[in-house]
Amino acid sequence: MLSLFPFLYLFSAWTKGAGASDPNMPFMEYLDQNHMVCLEWGFDNPQGNITFKLVVNTTGWVGFGFSPNGGMKGADMVIGGIGSSGSYFTDRHAIGKFMPLMDELQSYILLSMIESEGQTTMTFQRSIQSCDDNDFHITTQPIKLIYAYGETDEIAYHGARRGTKEVNLLNYMPRTTLSSLNYLIAKMDNITIPQKNTYYHCKYMKLNLTTKHHIYLIEPVIEHIDMVHHLLLYRCPSFVTKEEDKPCYMGDMGDTCFGVVAAWAVGGGVFEFPENAAIPIGGADSNTIYRLEIHYNNPNNEAGRTDSSGLRLHYTAQLRQHDAGILMTGISPLSDVHYNIPPGATEFHTYGVCNTTLFSKLLNPVPELQVFAGMLHTHLAGRKVRVAHYRNGKQRDFLLLDEYFDFELQQSISLGNIKTIKQGDEIAVECTYSTTDRTKVTTFGLRTTDEMCLAFLYYYPAIKITTCASFPNTSMSENSTTSDQDSISAQESFLKTLPQIQYASDDDFKFSMEKNGKVREMMKTPDPCQKSNAASRLSTSWIMNPAGITLLSLWIAIM
């Protein structure tokens, strides 16, 4: 789980730090400096529901909300507690410095309200993509969270019992404080970028740590953001022993390095691992060769540009509970995949599948994998990416999805909760492309104008498996220029129904293969605006008796 901080148990119920712990809500922040207000949250996917648990050191009313500027005006909030008549909970919005108005559509669902040991715990849920104009729209950007509470259940002026904190709910990155700030540098050394559209450069190196450490934070150091498309740091098999600096994919031993240690793509930023897991480095692997691969995109064929981009790998000797790993899934990047995308397509879907039964042929036993983050990757034609999770042939949910994929914004993101992959489960990566502006077939390949369809899954405990991907066992014509939508649909359907050649590979570049994989049907992405409001009515607002509510003209701004 991510960022489950230790709670402060002091001598008095009124002074102990508020806290909560729920495996379905792996993220946590204290909203105040004194640890009196604790928020936990989790979500299934960015198009689903988000669940909050607010723990406050009071037996009075509690309020929580979202604000465009940190103040009351324009804020979306809920107020609840347990009064003399039982629980109460209302969805409200503020239009000024007075009592927030009740929403006509009560789109927050109260799951539980508990008073215990001087604390109030309010657990509630809402759609991330709310369809109510009075509700705040939760995005992948940081949001100003506001809170307030009272000492009684008479909703009155909060005084100093209020505050605000900016948090990124959907892409949460915990902040680690360590006594030492050690890092390794894996970067290029002033290489010259050739005068060509696409260029891959690889540097093979050792990261010399004689004892085992954990990489807990990956920081990109990008010298030319206009040319660096992505960086990948791979762990090489034991038979790769030479340190060198040269173009990638030259048909030699270096092409076997595919154990992903770190990944960054255009638009991404710093990625920090959860407090209980991190990437192992050093110790028994101190002689391991690592390959830093940088994809340079030079569409104007500029000459004379040099680059020293790379990664800072922040590490600690304070080992965490689990070694973390990164599994590359999707459509195979290793072979000449004849999965060509026709021109003129408004939406063309491709599929890569992974059946984890392949793991047992390379590893025994195979533990359950706890997936906590991921990164999605396509090139310029990519518009959507969805990663589905199947068990016993039936889809359970989506591990990751992005219905508005942006080539310029490819980030490693934390999942809303931990997703468990069991031995025998299947993973499918669906990519949707638009080629309406193209007149020729788009091929799968290394060039920026080619396409890829990959998902990098961050998980623990780490295993030897590095890649689990597939490709169909036939191809379309390389010369196809059809833009007829019926023909495009038929081609897509034909490729989808073909047997998939699946494979898994380990860190010694050993393979396990299956030639008759299949692409299973994938459920529609949930649309929160089509959900019935029945659930809201089941937990409709419970209002305390009129004597318990004071409508205040003195309701002061949170900030």
Side-chain angles (χ1 to χ4, degrees), residues 183-207 215 217-237 240 242-271 279 281 288-314 326 328 330 333-334 375-380 382 407-412 444-456 466-467:
Y183 60 83
L184 300 165
I185 287 284
K187 71 179 188 67
M188 300 302 176
D189 295 316
N190 203 36
I191 67 162
T192 299
I193 303 171
Q195 193 176 359
K196 56 193 297 187
N197 184 278
T198 295
Y199 175 64
Y200 282 73
H201 194 87
C202 284
K203 182 178 180 180
Y204 298 81
M205 71 199 89
K206 291 182 180 180
L207 299 175
I215 297 171
L217 187 145
I218 297 169
E219 178 187 3
V221 182
I222 310 301
E223 184 174 354
H224 297 297
I225 196 66
D226 61 321
M227 300 189 80
V228 177
H229 173 263
H230 77 242
L231 300 91
L232 285 163
L233 184 67
Y234 297 105
R235 182 182 288 108
C236 294
V240 177
K242 188 176 181 181
E243 295 184 76
E244 52 187 336
D245 200 333
K246 64 178 186 177
C248 306
Y249 303 110
M250 301 296 290
D252 54 24
M253 288 291 189
D255 291 351
T256 64
C257 302
F258 274 100
V260 179
V261 173
W264 178 90
V266 59
V270 171
F271 181 79
I279 298 288
I281 189 169
T288 296
I289 296 290
Y290 292 83
R291 178 179 77 171
L292 175 65
E293 170 191 302
I294 299 187
H295 172 187
Y296 292 99
N297 183 33
N298 187 9
N300 298 321
N301 293 321
E302 295 182 47
R305 297 282 293 273
T306 60
D307 184 72
S308 296
S309 296
L311 298 167
R312 286 195 188 101
L313 309 172
H314 295 257
I326 301 176
M328 182 163 58
L334 298 179
M375 187 179 84
L376 306 174
H377 184 66
T378 78
H379 286 177
L380 293 168
F407 173 81
E408 300 292 339
L409 191 63
Q410 303 188 42
Q411 303 182 76
S412 294
F444 269 67
L446 297 176
R447 297 174 301 175
T448 310
T449 51
D450 293 336
E451 270 308 329
M452 290 187 175
C453 180
L454 295 170
F456 298 89
T466 61
T467 306

Examine His379 together with Phe444 and report whether their ring centres are nearer than 6.0 Å.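 No, ring centres 6.0 Å or more apart.
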Distance flag, aromatic centroids of Tyr200 and His229, threshold under 6.0 Å: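 Between Tyr200 and His229, which both carry aromatic rings, the centre distance is not below 6.0 Å.
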Closest contact, heavy atoms only, [X] versus [Y]:
X      : Y      : answer
Phe258 : Thr467 : O-OG1, 4.0 Å
Tyr234 : Val261 : C-CG2, 4.3 Å
Thr378 : Gly382 : OG1-CA, 3.3 Å
Thr448 : Thr198 : N-OG1, 3.3 Å
Ile289 : Val240 : CG1-O, 3.3 Å
Ser412 : Phe271 : CB-CD1, 3.7 Å

From [atom1] ([X]) to [atom2] ([Y]), nearest 0.5 Å:
X      : Y      : atom1 : atom2 : result
Arg235 : Tyr290 : CZ    : OH    : 4.5 Å
Ile279 : Leu217 : CD1   : CG    : 12.0 Å
Leu184 : Leu233 : CG    : CG    : 10.0 Å
Asn197 : Tyr296 : CG    : OH    : 15.5 Å
Leu232 : Cys248 : CG    : SG    : 9.5 Å
Ile294 : Trp264 : CD1   : CH2   : 9.0 Å

Under 3.5 Å, side-chain donor or acceptor atoms of residues 218-225 against the rest of the protein: list the pairs with distances, not counting sequence neighbours.
from	atom 1	to	atom 2	distance (Å)
Glu219	OE1	His314	NE2	2.8
Glu219	OE2	Arg312	NH1	3.1
Glu223	OE1	Ser308	N	2.6
His224	ND1	Arg305	NH2	3.4
His224	NE2	Thr306	O	2.7

Do Lys203 and Asp189 have side-chain heavy atoms sitting under 4.5 Å apart?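 Sidechains of Asp189 and Lys203: in contact.
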Are the side chains of Pro247 and Cys202 in touch, meaning some heavy atoms are under 4.5 Å apart?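 No, every pair of side-chain atoms sits at 4.5 Å or beyond.
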Kindly check if the number of other-residue, nucleotide or ligand heavy atoms within 6.0 Å of CE (Met205) is above 12?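 Result for CE/Met205: enclosed.
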Other residues, nucleotides, ligands: >12 heavy atoms within 6.0 Å of Phe407 CZ: yes
Pairs touching residues 288-300 that satisfy salt bridge (Lys or Arg N to Asp or Glu O under 4.0 Å), sequence neighbours left out: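 Residue pairs with at least one partner in residues 288-300: Arg291-Glu293.
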Evaluate the ring planes of His230 and His295, with Trp represented by its six-membered ring, and classify them as parallel (under 30°), tilted (30 to 60°) or perpendicular (over 60°). perpendicular
Partners passing side chain to side chain contact (heavy atoms under 4.5 Å, CB included) against Asn298 (at least two apart in sequence or in another chain): Ile193, Met227, Glu302
Between Gln410 (side chain) and Val266 (backbone), is there a donor-acceptor pair under 3.5 Å? no
Per side-chain contact (heavy atoms from CB on, under 4.5 Å), Lys187 is matched among Ile185, Ile191, Asn190 by Ile185
In sequence, state the C-alpha distance, the side-chain angles, and the governing distance for Met452 and Leu446, and then conclude on side chain to side chain contact (heavy atoms under 4.5 Å, CB included). CA-CA 8 Å; Met452 290 187 175; Leu446 297 176; 3.9 Å; yes
